[in-house]
Amino acid sequence: MFGEGRSRSKSTRSSYDPILLFWILRAVQFLKIGKFSGISLFFLFSVSACTGSASSKISPLAEKGVLDLREWNFSEDGIVKLDGEWKFQWKELTLSRPSETNSERSILTVVPGNWNQISDIEGLNSFQAYGYGTYSLKVLLGKDAERLMLRFQDAGTAASVFVDGKKIARNGVVGIDSNSSRPQYLPQYNSLSFPKNEFTITVEVSNFHHFKGGLWESIRLGTESEMQVFREDHANSEMFLFGSIMIMAFYHFGLFSLRRRDLSGLYFGAFCFSIGMRLLVTGERFLIRKFPDIPWEFWNKIEYLSIYVSVPLFVNYMDALFPGAFSSRIRRATQWFYSLLSVFVILTPASIYSHSMIPFELLMLMNIGWLIFILARLFYRGAEGASMALGGLLALTASSINDILYSQALVSTGYYLPFGLFAFIFAQSYLLSFRFSQAFLYIERLSDNLLEVNRAYSRFVPLEFLKFLNKENITEIGLGNQVQREMTILFSDIRDFTHLSEKMSPKDNFDFLNSYMRKMGPVIRKNNGFVDKYLGDGIMALFPHSADDALQAAAEMLQELEDLNRSRKEKKFEPIRIGIGLHTGTLMLGTIGEDQRMDGTVISDAVNLASRIEGLTKQFHTNLLLSESTYKKIRNKRKFRFKRLGKVAVKGKSKSSQVYEVVC
């Protein structure tokens, strides 16, 4: 991930261990059923990473420019790395430019490595990266050598590979200056047919574009069948990682599009996308194979930018996941630093911006230490999801440190970062999915609670009231919402309630009124009306569809009253008498009050007239009266008997009103 070859940025192991992949997949299965903690995931990764190669036989190392493989059985022991001491000649291209070879002096240097580490050649020190040279290794094979294949990854930054003086592979163009040299990174697989029992591998390398040069990667040798399997496994593993990571990226982009207030999905999706793009330009370098004519500089910038933007995205993701846990100053400083590095990569050539990898690695390690400290503190405090985030980060950290050490030729383990990323991303994906599921459950609970609240409020504010105002629930109602409609208003009142209440305690009064209202409310709703409000012992109801509904409800209310009085008579209580008045007219239905307290009400002269008509029932000693406007609106007049009482002066009105009695 961080070193380029052994000194440049990489994101893949030398070889992918199928046992490691198997156990990580098993870990994912446990994660899905919730039996695996984040810390357990880290330990699983650590143990799996130590499994090493599938072969139990240790590869021999070259000594003094000779690699003895006479005891190595390729069919049984597998692929071997041609690592160890190679002969190296500085400023010499012994095969492609033999006329310019002025000296046969060579030294021994360790491969894989970079020539910046060599310090015992005149004119070459640790600060000199640009130049060219020739590596050579004599390989000794046993009798009856099989058909072999050589895998050459890449070098810094152009190379040609020869076997016994015959060129079999190249990456870019090797030259003696920046004009004649052209860099390229591309894995090469080349057959050796049936090699001799002794042959020499020569690699000419030139570098004028990177701050470190040399043979960065191990060269591998194995049978054609083994190497083909290795190549397929390598490619399949990378494509598996790429596919998994990109699926997670777009999945979390989708989650963010559905819940934009939570930025963790956006940052995590962007982080996965940057890592996914990196996988395409490193390792088997699928994009470079697909578009080989695109300049090396472009792909190298993509390789650097993909990792430079991933760290601040990761930090922002953590901050979004655990708001307030991370220092905003450190987070902003981190973003500025990586933004400057990214601009530096975009504006300068690789010969300049490749130097930025060292400060990047140092700051990244500091950032990871900072994040681990914060997550460990959150874990100690029992923060939800901290264990999973910490376990994934520890797996990523372990693999990152390993890759940095390997890229600097300090260890010989190989690249494990893709699997650290795999463990980290699955842990974070599980954590985000858990967070989203918790949020979904919380929303479900809120939704259920809102339904309960609406049902509760509907006892105070009728649902019909909301519908007339074109509102779905009580939370949408605002001060001043109003609508104008023609409706029939029903007013009902208990006669002599004051006299009745004087004989009852306060509790008996409430019980009496509630038992009465329980009889009348369902009758009103049954006939397509709704109770606008209760007025002590009175009822105000609205019938928006027809006057017939209001009249039928009034008649049924009187019938219910008869049933109630029979029950009261059996208990030796006084009978109840009520008066009902109906009037049809245009009214305003809306909300009045102020910001902290509002109420739904009906404002209209028709409401006042309906109330006055109900009051006339006492004057005419009848139970049910209706206005002329209501009488004219009744479509089925044959169902009831009406008695015209004539025009009467209604209190508060200058004009007389025609009133009708309904004889039940």
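All values reported here derive from a predicted model rather than from experimental measurement.
- Under the side chain to side chain donor-acceptor pair (under 3.5 Å) criterion, Gln335 pairs with Asn316, sequence neighbours left out.
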I'd like a table of donor-acceptor pairs (distance under 3.5 Å, sequence neighbours excluded) in which one partner is a side-chain atom from residues 169-179, with atom names and distances.
{"unit_1": "Arg170", "atom_1": "NH1", "unit_2": "Gly172", "atom_2": "O", "d": "2.5"}
{"unit_1": "Asn171", "atom_1": "OD1", "unit_2": "Leu186", "atom_2": "N", "d": "3.2"}
{"unit_1": "Asn171", "atom_1": "ND2", "unit_2": "Gln153", "atom_2": "O", "d": "3.2"}
{"unit_1": "Asn171", "atom_1": "ND2", "unit_2": "Leu186", "atom_2": "O", "d": "2.9"}
{"unit_1": "Asp177", "atom_1": "OD1", "unit_2": "Asn179", "atom_2": "N", "d": "3.1"}
{"unit_1": "Asp177", "atom_1": "OD1", "unit_2": "Ser180", "atom_2": "N", "d": "2.7"}
{"unit_1": "Asp177", "atom_1": "OD1", "unit_2": "Ser180", "atom_2": "OG", "d": "2.8"}

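- Between Leu375 atom CG and Ile368 atom CD1 the span is 11.5 Å, to the nearest 0.5 Å.
- Taking the side chain to side chain contact (heavy atoms under 4.5 Å, CB included) definition, one finds that Val343 meets it with Leu347, sequence neighbours left out.
- Remark: Phe344 pairs with Thr348, Ile352, Tyr353, Ser356 by the side chain to side chain contact (heavy atoms under 4.5 Å, CB included) rule, at least two apart or across chains.
- With sequence neighbours left out, the side chain to side chain donor-acceptor pair (under 3.5 Å) criterion links Ser328 to no other residue.
- When atom types are taken as modelled, the side chain of Asp77 and the backbone of Asn73 share a donor-acceptor pair closer than 3.5 angstrom.
- Other residues, nucleotides and ligands contribute more than 12 heavy atoms inside 6.0 Å of the NZ atom of Lys301.
- In terms of the ring pair (Phe, Tyr, Trp, His ring centres under 6.0 Å) criterion, residue partners of Tyr317 (sequence neighbours excluded) are, by chain and number, Phe268.
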Trace of the side chain to side chain contact (heavy atoms under 4.5 Å, CB included) decision for Leu215 with Val203: CA-CA 8 Å; Leu215 274 179; Val203 183; 3.8 Å; yes
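- Put simply, the side chain of Asn190 gets close to the backbone of Ile168: a donor and an acceptor are under 3.5 Å apart.
- For the residue pair Glu204 / Ser96, a side-chain donor-acceptor distance below 3.5 Å is found, with atom types taken as modelled.
- Put simply, CG on Asn367 and CG on Leu362 are 11.0 Å apart, with the number rounded to the nearest 0.5 Å.
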Side chain to side chain contact (heavy atoms under 4.5 Å, CB included) between Leu371 and Leu393, worked out: CA-CA 8 Å; Leu371 291 171; Leu393 183 58; 3.7 Å; yes
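- Qualifying ring pair (Phe, Tyr, Trp, His ring centres under 6.0 Å) partners for Trp370, counting only residues two or more places apart in sequence or in other chains: Phe326.
- For the salt bridge (charged side-chain N to carboxylate O under 4.0 Å, His left out) test, residues two or more places apart in sequence or in another chain that qualify with Lys138 are Glu198.
- Remark: Ala333 pairs with no residue by the side chain to side chain contact (heavy atoms under 4.5 Å, CB included) rule, at least two apart or across chains.
- Relative orientation of the His234 and Phe230 rings is parallel, given thresholds of 30° and 60° on the angle between their planes.
- Scored by the ring pair (Phe, Tyr, Trp, His ring centres under 6.0 Å) test, Tyr338 finds Phe360 as partners (sequence neighbours excluded).
- By the side chain to side chain contact (heavy atoms under 4.5 Å, CB included) test, Leu305 pairs with Ser342, Val345, Ile346, sequence neighbours left out.
- If you check the side chains of Ser181 and Ser206, you find a donor sitting under 3.5 Å from an acceptor.
- Atom CZ in Phe314 sits 14.5 Å away from atom OH in Tyr267 (nearest 0.5 Å).
- Partners of Arg231 by salt bridge (charged side-chain N to carboxylate O under 4.0 Å, His left out), not counting sequence neighbours: none found.
- In summary, the aromatic rings of Tyr185 and Trp296 are positioned with their centroids under 6.0 Å apart.
- Across all non-hydrogen atoms, the minimal contact from Arg151 to Pro187 is NH2-CB, 4.2 Å.
- Under the 3.5 Å distance criterion, with hydrogens and angles disregarded, no donor-acceptor pair is assigned to the side chains of Thr282 and Glu303.
- What you find for Val205 and Ala159 is that their closest heavy atoms are CG2-CB, 4.1 Å.
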